[in-house]
Protein chains: 2
Amino acid sequence: MIKKVLIAEDHESVNISVEKTLEELGMTQTDYVYYCDDALARIQKGVQDDQSYDLLITDLSFIKDSRVQKISGGLELIPAVRQVQPDLRIIVFSVSCIPSTIEMLFGQSDIDGYVCKGRNDAKALKEAIETVAKNQRYFPRHLTQKIRQKNVHDFTEYDIKIITLLANGMRQKDIPAYLIEEGTKPAGLSSIEKRLNYIKETLEFTKNEQLIAFCKDMGII
Amino acid sequence: MIKKVLIAEDHESVNISVEKTLEELGMTQTDYVYYCDDALARIQKGVQDDQSYDLLITDLSFIKDSRVQKISGGLELIPAVRQVQPDLRIIVFSVSCIPSTIEMLFGQSDIDGYVCKGRNDAKALKEAIETVAKNQRYFPRHLTQKIRQKNVHDFTEYDIKIITLLANGMRQKDIPAYLIEEGTKPAGLSSIEKRLNYIKETLEFTKNEQLIAFCKDMGII
DNA sequence: ATAATTCTTACGGGAAACCGTAACTCTTCC
DNA sequence: GGAAGAGTTACGGTTTCCCGTAAGAATTAT
């Protein structure tokens, strides 16, 4: 039974409608926070006071502003929360729809639901909450297909690291030194080239610029 | 006096809270659409039936899906709408917060308000609607400062065209031919290089990849 | 332990991008 | 009409990136 819900979402407008959805489901005991640090603090307090939350609905990306935060986004928040309250149910509510990230969240962080923001997201969120309330997992329908069809490249952490470096303006030839410094392998320039080529080939891209644009669109970086 | 309002916004969850905000302001005659083409059609119909809208609240970026659209986003929708109904009030409600785009919208398209999605966006939107109802313009407060400081490069249409081509995977050396075909000037490779260099220099970027990433972040392309 | 396989790296030729300079064209002003 | 100036383009040298091949290292199997 879900009673106490915490919403972690920086967009007030989204917050409002999530709250409304919860109301419609008869869940009136809702709190909302605009920052990840606040979310973790609330959950910690809930556990301490023996009034722990039943469900966390969280975004992944949070806008940075003047308030400096330890936790910068949902991807960091979720593991932190898991440590504090392992039995908390978690639904992720985000614009980004990257199969590999979603799979990772279900696998590693054991989240209970994922809803992509977009057309019909409110209905989907409602469904998700209802499903999770029944102790089931909610997996975005259209994604089960997407994950099957492997024409979409599955970005590994390594891929994301390289692409991020490029997007930050690092020259390809300088990346090996950086990776060695960081202890990431493989670090050879050829390996990096090869990997980038492979990614571009599978996605039928010709240039790095195109890849960067794609990754930004997909919310991968 | 604002009575009839159209909301063009692809995220259902945002739509719901915008509607709620309008309700709180006593505006119950609201329609909402998830696609730009629908928005234009509704406005056209309103004008024809002599039941035109008083206010349009629109997002800028719309997710592409299976439904093919003529108008892909708010930046195209707004001028099209202006042609159909020049006196319509327009408030843009978007995540992207690029001073030059906002200035352009106020200047060229004569919009009445701009609200950035984020923390407190619902309150800001409410303020904006109230302000516009009083026949005043609503300009995001924190942006007046940002626009003053000109360290941010002002992207021209030409810039955006080139950068978009790069992001689509076109090789730099192939761009001149394309621009000549299109009738855009200057088309020389040197001019393109020079312009890209200038942009990168002012933004203190080193590589095209970085520029693409930046433009995607800012919603410029 | 050795062979086979896979993964990683090094190297080199060629293409593209980068960058400065100089020539060219077009407007503007006298 | 001619000169000055800004804007555009052409060209050449350098760097970086691209891409294929082959050598080397690590892992697994025999």
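The analysis underlying the following values was restricted to heavy atoms, covering all of them including side chains, and did not include hydrogens, waters or symmetry mates. Keep in mind it's a predicted model, so treat the numbers as computed, not measured.
In this structure, B:Lys207 atom NZ and C:dC19 atom P are separated by 11 Å, rounded to whole Å. Distance, B:Gln210 CD to C:dA17 C1': 16 Å, rounded to whole Å. Taking atom CD of residue A:Glu209 and atom C1' of nucleotide D:dC18, one finds them 13 Å apart after rounding to whole Å. The CG atom of A:Asn208 sits 19 Å away from the P atom of C:dA15 (whole-angstrom rounding). When rounded to the nearest whole Å, the span between CD of B:Glu201 and P of C:dC18 equals 14 Å. Going from atom CD1 of A:Ile199 over to atom C1' of D:dC18 covers 15 Å, rounded to whole Å. Note: CZ (A:Arg195) to C1' (C:dT9) measures 17 Å, nearest angstrom.
With a 4.5 Å cut-off on side-chain heavy atoms, B:Ile175 and B:Leu166 count as touching. No side-chain heavy atom of A:Arg89 sits less than 4.5 Å from a side-chain heavy atom of A:Leu56. Annotation: side chain of B:Phe93 is not in contact with side chain of B:Thr58 (no heavy-atom distance under 4.5 Å).
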Just the atom pairs and distances: protein N or O near nucleotides 10-14 of chain C's N or O, under 3.5 Å.
unit_1	atom_1	unit_2	atom_2	d
C:dA10	N7	A:Ser190	OG	2.7

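DNA chain D contains the following stems of three or more consecutive Watson-Crick or G-U pairs, with both distances under 3.5 Å: C:1-30 with D:1-30.
The only member of B:Asp54, B:Ile111, B:Ile90, B:Ile91 that meets side chain to side chain contact (heavy atoms under 4.5 Å, CB included) when paired with B:Val132 is B:Ile91.
Remark: aromatic rings of B:Tyr35 and B:Phe62 are distant, center separation not under 6.0 Å. Between B:Phe205 and B:Phe214, the ring center distance clears the sub-6.0 Å criterion. Between B:Phe139 and B:Phe106, the ring centre distance stays below 6.0 Å.
OP1 or OP2 of C:dC19 sits under 4.0 Å from a side-chain N or O of B:Asn197.
Only A:Arg171, A:Gln172, A:Lys173, listed by number, bring a heavy atom of residues 162-175 of chain A to less than 4.0 angstrom from any atom of DNA chain D. The stretch residues 178-187 of chain B touches DNA chain D through B:Pro186, B:Ala187, each having a heavy atom within less than 4.0 Å of the strand.
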Next item on the list: Show your working on side-chain hydrogen bond (donor to acceptor under 3.5 Å, both in side chains) between B:Glu127 and B:Thr131 and close with a plain yes or no.
Entry: CA-CA 6 Å; B:Glu127 267 181 51; B:Thr131 308; 5.8 Å; no

Notebook entry, point to check: When you look at A:Arg119 and B:Glu12, which way does the salt bridge (charged side-chain N to carboxylate O under 4.0 Å, His left out) test go after all the steps?
Noted result: CA-CA 5 Å; A:Arg119 297 183 180 99; B:Glu12 188 190 4; over 6 Å; no

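Residues that satisfy the side chain to side chain donor-acceptor pair (under 3.5 Å) test with B:Lys70, not counting sequence neighbours, are absent from this structure.
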List the atom pairs, donor and acceptor, that lie under 3.5 Å between side-chain atoms in residues 179-187 of chain A and the rest of the protein, sequence neighbours left out.
unit_1	atom_1	unit_2	atom_2	d
A:Glu182	OE1	A:Lys161	NZ	3.2
A:Glu182	OE1	A:Thr184	OG1	2.6
A:Thr184	OG1	A:Lys161	NZ	3.3

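Heavy atoms only, all atoms of each residue included: B:Gly74 and B:Pro79 are closest at O-CD, 4.4 Å.
Within a 6.0 Å sphere centred on OH of B:Tyr32, heavy atoms belonging to other residues, nucleotides or ligands number 12 at most.
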